[in-house]
> 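Before we start, here is the structure in question, set down as structure tokens.
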Amino acid sequence: MADEQFYMQQALQEARKAAEAGEVPVGAVVVCRDRIIARAHNLTETLNDVTAHAEMQAITAAANALGGKYLTDCTLYVTVEPCVMCAGAIAWSQMGKLVFGAVDEKRGYRRYAPQALHPKTEVVTGVKAEECAQLMKDFFKKKR
């Protein structure tokens, strides 16, 4: 779907911002009624906070934008499969849809807690997966 490609491209822009700041390059956007209401990227190094993942930042910003904690009419686009912590937050926010690019076989929620999301959350995987994965590979290659 063209919209999914567009919104994932926006998430990739956020991921690139993270990489430029020395953060693990994960980016996220939240879309509600065809409008981006939140943009975020990893800030764990910047904020010295292990919970400052892109998804957590995006969920908080989206809830603030809407004035409520439930995001049932929203879609979260994120460049990499969320971890268990982020999957829990996605569940608690009752996110309507999750779209992610690259699979995270080491730390992704589906490995450890495949039932973590809210039962009504629709999940789409693999959108711009190669581009999302390549950004991560390039980042860690530079770190070594």
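Nothing here was measured: the structure is a model prediction, and the numbers come from that model.
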> Are I90 and V31 linked, directly or through other ILVMFWY residues, by side chains that come within less than 4.5 angstrom of each other?
no
> Please step through side-chain contact (heavy atoms from CB on, under 4.5 Å) for the pair E122 and V99, ending with a clear verdict.
CA-CA 8 Å; E122 180 187 344; V99 179; over 6 Å; no
> For the pair E81 and K106, find out whether any cationic side-chain nitrogen is under 4.0 Å from an anionic carboxylate oxygen.
no
> Has H118 got a side-chain atom pairing as donor or acceptor with K120's backbone, closer than 3.5 angstrom?
yes
> Under a 3.5 Å distance rule, please check whether T75 uses its side chain to pair with a backbone N or O of L98 as donor and acceptor.
no
> Between OG1 of T79 and CE of M136, what distance do you get to the nearest 0.5 Å?
7.0 Å
> Out of V123, V127, V124, which residue meets the side-chain contact (heavy atoms from CB on, under 4.5 Å) rule with F100?
V123
> Show your reasoning for whether side-chain contact (heavy atoms from CB on, under 4.5 Å) applies to F139 and L135.
CA-CA 6 Å; F139 177 81; L135 193 58; over 6 Å; no
> A side-chain contact here means heavy atoms from C-beta on lying under 4.5 Å apart; do H41 and Q13 qualify?
no
> From L76 CG over to C86 SG, what is the distance, rounded to the nearest 0.5 angstrom?
9.0 Å
> Nearest 0.5 Å, what's the CG-CH2 distance between L117 and W92?
13.0 Å
> If you measure from CD on Q5 to OH on Y77, what distance do you get to the nearest 0.5 Å?
10.0 Å
> Which heavy atom in A62 sits nearest to a heavy atom in A38, and how many Å separate them?
N-CB, 3.6 Å
> Quickly, which of Q134, K142, K141 forms a side chain to side chain donor-acceptor pair (under 3.5 Å) with D138? Name it, please.
Q134
> Considering all heavy atoms of both residues, which atom of Q94 and which atom of Y70 are nearest to each other, and what is their separation?
NE2-CE2, 3.4 Å
> Before you tell me yes or no, could you show the steps for L12 and C132 under side-chain contact (heavy atoms from CB on, under 4.5 Å), namely the whole-Å CA-CA distance, both residues' side-chain angles and the distance that decides it to 0.1 Å?
CA-CA 7 Å; L12 276 161; C132 293; 3.9 Å; yes
> To the nearest 0.5 Å, what is the distance between CG on N48 and CG on L43?
12.0 Å
> If you measure from the Lys or Arg side-chain nitrogens to the Asp or Glu carboxylate oxygens, is any gap between E14 and K17 under 4.0 Å?
yes
> Using the rule given for side-chain contact (heavy atoms from CB on, under 4.5 Å), can you reason through V30 versus Y7, listing the C-alpha separation, both sets of side-chain angles and the distance that settles it, and then say yes or no?
CA-CA 9 Å; V30 177; Y7 292 127; over 6 Å; no
> How far apart are the closest heavy atoms of A58 and A28, and which atoms are they?
CB-CB, 4.0 Å
> So which atom in R110 and which in V103 form the shortest heavy-atom distance, rounded to 0.1 Å?
NH2-CG2, 3.4 Å
> Give a yes or no on whether the backbone of Q57 and the side-chain of T60 come within a donor-acceptor separation of less than 3.5 Å.
no
> Please report the closest heavy-atom contact between R39 and V29, naming both atoms and the distance.
CG-CG1, 4.0 Å
> Just checking, is any N or O donor in the side chain of N42 or T44 under 3.5 Å from an acceptor N or O on the other one?
no
> To the nearest 0.5 Å, what is the distance between SG (C32) and CG (L66)?
5.0 Å
> Side chain of E23, backbone of T46: donor and acceptor closer than 3.5 Å?
yes
> Determine the minimum heavy-atom distance between A133 and A102, stating which atoms define it.
N-CB, 3.7 Å
> In this structure, would L71 and Y109 fall into the same cluster of hydrophobic residues linked by side-chain contacts under 4.5 Å?
yes
> Report yes if the side chains of C83 and D104 come closer than 4.5 Å at any heavy-atom pair, otherwise no.
no
> Salt-bridged, R16 to E131, with N to O below 4.0 Å?
yes
